Amino acid sequence: MPKPAASVASLLPQLWHRRFLPTSLVPRALSSSSPLLTTHQAPRRRSPLSPSTHLAAAAAVSTATAVEAPTTTQYPVYDRLLPCPLQDDPPRIEHLVAREEEVAADFISRSLGLPPLYVEDLIKFGAVYYALVAPQPPPYAAPEHVRIFREVTDPSVLRRRASIKGKTVREAQKTFRVTDPNQLLEAGTYLRVHVHPKRFPRCYEIDWKSRVIAVADDYVVLDKPAATSVGGATDNIEESCAVFTSRALGLETPLMTTHQIDNCSEGCVVLSKTKEFCSVFHGLIREKQVKKVYLALTTAPVSTGIITHYMRPVNRAPRLVSEDHIGKWYLCQMEVLDCKKVPWPSSLIRKAYNVNDCGWPQQEAAYECKINLLTGKTHQIRAQLAAIGTPIIGDSAYMTAAMAAIANPSINPFGRESLSYSSEEEKEAAVEAWIAAHGKEPKSVIGLQASEISWNYEGEHHSYKAGVPWWRQDSVESDLV
């Protein structure tokens with residue numbers, strides 16, 4: 001794969017879009033929620049014809065269908081220039097099983113009808129995973145899917161594979177990223193290909209050097225811009241704060257993440273230069289030696305003091321919270337140190353930062369809350385503030401739920417005015433309705449900044465502060481280039 005020119009070495013190529021594919025080359029647009037299985041005969045470039053297996057995710061299809069792979073390599077023209085697309089393509093995840101020894105990039109390109117350079121970029125993005133053994137099909141999988149899974153995981157087949165000798169099936173099903181397009185896949189290897197990785201176009205708009213707060217021997221402190229990812233996504237580890245900050249500083253070894261803040265949030269993030277400091281910082285977090293202070297822009301005033309909720313132990317959004325303790329739900333606590341009245345962001349500011357009003361009417365005033373985060377669960381501040389009826393401005397995920405609860409307090413099954421349910425099924429239906437009242441995760445900025453971060457280590461105090469939050473910017477140009 002040729003190296004990009006020096007002038008664009010710090011920029012990643014725009015991914016090719018499936019809309020440019022000729023109809024004959026477009027594989028089925030598939031979702032990742034319902035893996036089904038199809039089989040096809042695919043011609044190899046350098047060897048006779050041989051069968052391969054394509055486990056395709058297809059939520060809308062209940063039966064497997066036979067698909068013929070393209071017999072030519074008439075791929076569309078692939079322009080690898082920026083800019084990065086402003087909108088993501090619909091999620092699409094493909095599942096493959098190599099039926100004989102294969103080169104990873106060639107196998108993916110041929111099986112899915114994708115241009116070879118596009119496949120190489122997917123691998124560079126970290127969007128391709130492999131496992132020695134295919135995972136167990138879900139209960140709703142097609143019979144053909146189940147048949148081929150049983151075929152490739154039959155004990156007599158697995159015993160002949162030296163690569164899994166001494167491993168349990170569960171160990172052999174663990175996934176790893178494919179990092180080399182020329183990686184050799186032995187027969188039976190499973191691949192998961194994220195054909196449309198999540199993109200972060202904001203990365204290309206930032207002057208990353210200007211966002212660096214401090215550079216120390218072991219770490220870098222970054223004032224993270226909103227609409228960016230600290231360490232990347234499952235299918236995109238290139239368009240991240242860690243990668244772009246490393247390039248901006250000319251570091252030979254990429255920076256490593258030590259903690260996370262939401263993509264839609266801005267503010268202080270500590271990136272490590274070494275594995276040793278990563279370990280040290282993780283230890284400080286576990287021992288609650290790292291203090292994090294946030295600024296949150298809310299729709300209504302919040303009383304000072306400690307706010308306590310309990311969060312449902314389900315690792316997906318939205319994060320549901322209750323004021324009452326429930327079973328194994330996680331304790332969430334934050335201390336509101338101060339709350340002051342500030343102007344509601346002007347239309348110019350909201351337009352410049354692409355703030356979603358979520359249907360909430362513009363007010364004369366908003367409220368800036370200074371919060372000491374005591375427990376640090378995912379989405380904690382956002383979920384807790386929405387639960388008390390003071391959502392964060394721009395937070396499309398939780399503001400819509402807060403609006404629904406204001407209009408109908410009983411809609412929240414974990415709220416003070418929740419209904420009594422006659423059965424578990426009725427309660428579960430109420431929970432699903434409450435989840436549906438939440439919106440989608442914001443793609444731009446919300447009124448939340450990781451304002452300060454500090455810790456003590458080896459007798460020294462380390463303290464850093466982010467710049468002016470977006471809603472207090474004097475000039476909308478200051479953070480947009």
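Since the structure is predicted, the reported quantities are computational estimates derived from the model, not experimental observations.
- From M311, atom CE reaches atom CH2 of W329 across 9.5 Å, with rounding to the nearest 0.5 Å.
- No side-chain heavy atom of R312 sits under 4.5 Å from any side-chain heavy atom of V321.
- Cation-pi contact between R247 and F244: present, with separation from the ring centre below 6.0 Å and deviation from the ring axis of at most 45°.
- Under 4.0 Å is where a charged nitrogen must lie from a carboxylate oxygen, and between E441 and R382 at least one such pair does.
- Taking a 6.0 Å sphere around CG of N315, one finds it holds 12 or fewer heavy atoms contributed by other residues, nucleotides or ligands.
- With hydrogens and angles ignored, the 3.5 Å screen pairs no side-chain donor or acceptor of N356 with any backbone N or O of G394.
- Between the CD1 atom in I446 and the CG atom in L297 there is a gap of 10.0 Å [rounded to 0.5 Å].
- With values rounded to the nearest 0.5 angstrom, I261 atom CD1 is found 7.5 Å from C241 atom SG.
- Of the possible polar contacts, none joining the S322 side chain to the Y310 backbone as a donor-acceptor pair under 3.5 Å is found.
- Listed by chain and residue number, E186 satisfy the salt bridge (Lys or Arg N to Asp or Glu O under 4.0 Å) test with R161 (two or more places apart in sequence, or in another chain).
- Dense packing is recorded around NZ of K292, with more than 12 heavy atoms of other residues, nucleotides or ligands lying under 6.0 Å away.
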>> Evaluate K174 against E171 for salt bridge (charged side-chain N to carboxylate O under 4.0 Å, His left out), listing each step before the verdict.
In response: CA-CA 6 Å; K174 185 176 180 180; E171 290 171 339; over 6 Å; no

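- Among K377, Q380, R319, Q384, the single residue meeting the side-chain hydrogen bond (donor to acceptor under 3.5 Å, both in side chains) criterion with H309 is Q384.
- Using a 4.5 Å heavy-atom cutoff, the side chains of F125 and I237 are not in contact.
- Between N263 and K198, the closest side-chain pair of non-hydrogen atoms falls below 4.5 Å.
- Side-chain atoms of D262 do not come within 3.5 Å of backbone N or O of C264 as any donor-acceptor pair.
- Checked for salt-bridge contact, E94 and R192 miss the test: no charged N lies under 4.0 Å from a carboxylate O.
- A heavy-atom distance below 4.5 Å is not found between the side chains of L191 and V97.
- Between the side chain of R350 and the backbone N or O of P345 there is at least one donor-acceptor pair closer than 3.5 Å.
- Here T189 contributes atom OG1 and F107 contributes atom CZ; the two are 9.0 Å apart, rounded to the nearest 0.5 Å.
- Within the 3.5 Å criterion, the main-chain N or O of S272 finds no donor-acceptor partner in the side chain of T258.
- Residues V230 and V269 approach most closely at CG1-CG1, 3.8 Å, considering heavy atoms.
- Classification of K427 and E424 as a salt-bridged pair fails, no side-chain N sitting under 4.0 Å from a carboxylate O.
- With rounding to the nearest 0.5 Å, the separation of CG in N236 from NE2 in H196 is 13.5 Å.
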> V193 and I93: side chain to side chain contact (heavy atoms under 4.5 Å, CB included), yes or no, with the steps?
Replying inline: CA-CA 6 Å; V193 184; I93 301 177; over 6 Å; no

>> Assess the residue pair L184 and E101 against the criterion (side chain to side chain contact (heavy atoms under 4.5 Å, CB included)); give the C-alpha distance rounded to whole Å, side-chain angles, the decisive distance to 0.1 Å, and a yes or no.
In response: CA-CA 7 Å; L184 199 61; E101 190 175 88; 3.6 Å; yes

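- Between the side chain of S111 and the main chain of I108, no donor-acceptor pair closer than 3.5 Å is present.
- In this structure, S265 OG and H379 NE2 are separated by 8.0 Å, a value rounded to the nearest 0.5 Å.
- With a 4.5 Å cut-off on side-chain heavy atoms, L122 and P197 count as touching.
- A 4.5 Å side-chain heavy-atom check between L185 and Q183 finds at least one atom pair inside the cut-off.
- A 4.5 Å side-chain heavy-atom check between F277 and M256 finds every atom pair outside the cut-off.
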>> For I123 and D180: C-alpha separation, side-chain torsions, deciding distance, then whether side chain to side chain contact (heavy atoms under 4.5 Å, CB included) applies.
In response: CA-CA 7 Å; I123 292 172; D180 182 359; over 6 Å; no

>> Run Y353 and Q473 through side chain to side chain contact (heavy atoms under 4.5 Å, CB included) and show every step you take.
In response: CA-CA 11 Å; Y353 288 94; Q473 293 283 345; 3.5 Å; yes

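- Proximity of Y190 to V152: side-chain heavy atoms (C-beta onward) are nowhere separated by under 4.5 Å.
- Contact detail for C358 and M403: the closest heavy-atom pair is O-SD, 3.4 Å.
- No side-chain donor-acceptor contact under 3.5 Å links D223 to the backbone of A466.
- Although no hydrogens or angles enter the test, the distance criterion places no donor-acceptor pair under 3.5 Å between the side chain of Y464 and the main chain of V270.
- Salt bridge status for E252 with K273: absent, with no side-chain N to carboxylate O gap under 4.0 Å.
- At distances below 3.5 Å, at least one donor-acceptor pair connects side-chain atoms of T400 with backbone N or O atoms of S396.
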Compile the donor-acceptor pairs under 3.5 Å between side chains in residues 128-139 and protein atoms, sequence neighbours left out, one pair per line.
residue	atom	partner	partner atom	Å
Y129	OH	R177	NE	3.4
Y129	OH	R177	NH2	2.9
Y129	OH	T234	O	2.6

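- Side-chain atoms of Y398 and H438 form no donor-acceptor pair, as typed in the model, at a separation below 3.5 Å.
- A donor-acceptor pair under 3.5 Å links the side-chain atoms of W208 to the main chain of C203, judged by distance alone.
- Looking at E239 and Y204, their side chains do bring a donor and an acceptor atom within 3.5 Å of each other.
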